[in-house]
Amino acid sequence: ERNTVFEDFKKQESRIVQGTVQKRDRSGTVIVDLGKITGLLPPEEQIQREQYRPGVRMKFFVLSVQMGARGPEIILSRGSKEMVKEIFTREIPEITDGSVIIKDIARDAGNRSKVSVFTEDESIDPIGSCIGQRGSRITTIIEELGGEKIDVIQYSKNIEDYIKQALSPAKISSVKLEEENKEATVTVAADQFSIAIGRGGQNVRLAADLTDWTIKVIQEGDKDVEVSSEESPEIVKEKLEKTE
């Protein structure tokens, strides 16, 4: 029976399953009832602002299924980027059939994700496909992720354009690239500075993660104020307070 359960769940790897929260153990791991078996949601795969109350039914991403000494061991996640990808794939037919491709995902689990999409079919609007009529598709995805905000970005092979898109909703004046170190210096107008940075630097950090470039944002006409995607939320907060 152990082997049958193992085989059943091995097929569920990298998919989303429903489970009921049972309890939290001493290590902080949440034990989840998956029907025939229990799964483990380790602390590093949990979302900080979520409360895992016993009896609550939730969706989980199956990270791995291994056969341990005491039977099948199922590791679950709520914070994985792959969970976002799987939900998009299930909810958006154009992604399911491969006509729209997810290029990159950056995630601050529980708060915000940036998803860049691309298509070679000129008759398809990749962002429109993900948003749906009147936002119907993206609303469903946001609900599945417990209210996490989602930015859908147009992928571009031109790295300047891609960085500009990644920093949306901010409007970017210019992008200067330093190819050797993969560092981009972005200039924005004063009224766009805090939008480009985001709360505690969230927007610029996600944009850097999405594009795989270090991004430095400079406020136009005021060279003293610049924020890097590599700076801590505390430092970013201090710098933003100075500009107000």
> Under the side-chain contact (heavy atoms from CB on, under 4.5 Å) criterion, do T20 and V56 qualify, and how do the steps go?
Replying inline: CA-CA 5 Å; T20 305; V56 172; over 6 Å; no
Applying salt bridge (charged side-chain N to carboxylate O under 4.0 Å, His left out) as the test, list every pair that has at least one member in [range]; sequence neighbours left out.
range: residues 117-146; result: K59-E144, R90-E144, E94-R137
range: residues 9-23; result: K10-E13
range: residues 44-57; result: E50-R78

Ring pair (Phe, Tyr, Trp, His ring centres under 6.0 Å) contacts in which one or both residues fall within [range], not counting sequence neighbours:
range: residues 178-211; answer: none
range: residues 6-40; answer: none
range: residues 45-68; answer: none

Listing, residues 171-179 side-chain donor-acceptor contacts under 3.5 Å, not counting sequence neighbours, or none:
from	atom 1	to	atom 2	distance (Å)
S173	OG	E220	OE2	2.8
S174	OG	T187	OG1	3.3
E178	OE2	N181	ND2	2.4

>> Going by ring-ring contact (aromatic ring centres under 6.0 Å, His included), name the residues that satisfy it together with Y155, two or more places apart in sequence or in a different chain.
In response: F118, Y162
> How long is the span from the CD1 atom in I159 to the NZ atom in K164, to the nearest 0.5 Å?
Replying inline: 12.5 Å
> Can you list the residues that meet the side-chain contact (heavy atoms from CB on, under 4.5 Å) rule with D212, with sequence neighbours excluded?
Replying inline: K182
> For R112, what residues pass the side-chain contact (heavy atoms from CB on, under 4.5 Å) criterion, not counting sequence neighbours?
Replying inline: K149, D151, Q202, L206
> Given the rule that I, L, V, M, F, W and Y join up when any side-chain heavy atoms are under 4.5 Å apart, are I131 and V84 in one cluster?
Replying inline: yes
> Is K239 salt-bridged to E231, cutoff N-O under 4.0 Å?
Replying inline: yes
Contacts table for residues 29-39: side-chain donor-acceptor under 3.5 angstrom, sequence neighbours left out:
from	atom 1	to	atom 2	distance (Å)
T29	OG1	S27	OG	3.1
D33	OD1	G35	N	2.8

Is there side-chain contact between [X] and [Y], with heavy atoms separated by less than 4.5 Å?
X: N203; Y: I197; result: no
X: I195; Y: P169; result: yes
X: P72; Y: Q66; result: no
X: I95; Y: I102; result: yes

>> Tell me whether Q18 at atom CD has more than 12 heavy atoms from other residues, nucleotides or ligands lying less than 6.0 Å away.
In response: yes
> Who else is in I101's hydrophobic cluster (ILVMFWY, side-chain heavy atoms under 4.5 Å, direct or via others)?
Replying inline: none
> Any side-chain donor-acceptor pair under 3.5 Å between S156 and Q165?
Replying inline: no
> Considering the options V204, T211, V217, which one meets the side-chain contact (heavy atoms from CB on, under 4.5 Å) requirement together with S229?
Replying inline: V204
